[in-house]
Amino acid sequence: MADKRPIGVFDSGLGGLTMVKKLTTLLPGENIVYLGDTGRVPYGSRSRDTIIKYANQDAAFLAGYDIKAMVIACNTVCSVAYNDLVKNYGIPVYEVVGAPAIKASEQTKNGVIGVIGTAATIRSRAYETALRKINRDFDIHSVACALFVPLVEEGWIDAADEAALKVAKRYLDCLLKSGVDTLILGCTHYPLLHEVIAKIMGPEVILVDSGAETAEYVAKDLSNRNMLCGEETGGNTRYFVTDSIEGFSNVASKYLESDVEGLVEQVTLE
Ligand code: DGL
């Protein structure tokens, strides 16, 4: 039977939109409820306990919308709090680390893989663990890029943005020198900086988008479980944020190439 309930997706801010963009392309009939905790972004520089506390509040909020599945579209949360969240809701809960790790392992030719993410994600070694399970001989180089999330939230994402290019060069230079041929964007915010990152890394380096890769997996898995809504088109997405609607709407509309104004509500989390 068709399952019309929405899919819940959350992130600390705008990053999870990389998941929403791909999910709505793959499953245009599905309804989505999105939460961006924009009032408390970034999560990546916070302590493990704080991230777990915020993640539980985010998940509880979405669970109030009778969702059929939950996507944690935040590498930081997945890296430190997935095990806490996965058992609480009795619905499929998806994380964003496994699928990009598999993709990177398939794409690399020289076995030298770069991982960029927030401080919490890199500290957790979640990607190293996932990659080494696939092949323990991979040469993995990880870099925390703390300033990427604020750049995205500020909307400084154009390939011509000099500040963004300077920051990216400083973080990514060592990866270039290490000879990585595949780079995992291990934070869902980073694909919004795709052009900036690609400009620094050059055309030879394959960039793996954790949100988009996971969206492919989610679409397949929901289909296998017979949990899709059965509609080909017409799904809608509601957006909830915990800070001003305006800042979120501007960047979101630009990134999604569709006007989200009127679809975004501000909420308080408990
Ligand atoms: N987009 C998130 C991630 O994938 C978190 C960014 C942050 O809040 O620091 O890690």
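Remember, it's 1-based here, ligands and their atoms both numbered in the order they're listed.
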Ligand 1 to P42 polar contact by distance, N or O atoms, under 3.5 Å: no
Give, for atom CD of E30 and atom CE of M227, the distance between the pair rounded to the nearest 0.5 Å. 9.5 Å
Atom CD of E216 with >12 non-hydrogen neighbours under 6.0 angstrom: yes
Is the shortest heavy-atom distance from the side chain of V115 to the side chain of H141 under 4.5 Å? no
Which of the atoms in ligand 1, numbered in the order shown and given with their element, are less than 4.0 Å from a heavy-atom of C74? 2 (C), 3 (C), 4 (O), 5 (C), 10 (O)
At less than 4.0 angstrom from any non-hydrogen atom of T188, what atoms of ligand 1 do you find? 1 (N), 2 (C), 3 (C), 4 (O)
I'd like to check I32 versus T24 (side-chain heavy atoms, cut-off strictly below 4.5 Å). Are they in contact? yes
If the cut-off is 4.0 Å to any non-hydrogen atom of D11, which atoms of ligand 1 fall inside it? 1 (N), 2 (C), 5 (C)
Which of the ligand 1 atoms, numbered from 1, are nearer than 4.0 Å to a heavy atom of T76: 3 (C), 5 (C), 10 (O)
Could you list the atoms of ligand 1 found under 4.0 angstrom from a heavy atom of V41? 8 (O)
Is it the case that R40 places NZ or CZ above or below the six-membered ring of Y54, under 6.0 angstrom from the centre and within 45 degrees of the axis? yes
Under the side-chain hydrogen bond (donor to acceptor under 3.5 Å, both in side chains) test against Y43, which residue among D11, D37, T76, T118 passes? D37
Distance-only donor-acceptor check, side chains N75 and Y127, under 3.5 Å: yes
Counting both backbone and side chain atoms, is some N or O of S45 under 3.5 Å from an N or O of ligand 1? no
T118 versus ligand 1: do any nitrogen or oxygen atoms come within less than 3.5 Å of each other? no
I'd like to check whether T121 has a polar contact with ligand 1, where a contact means an N/O of the residue lying under 3.5 Å from an N/O of the ligand. no
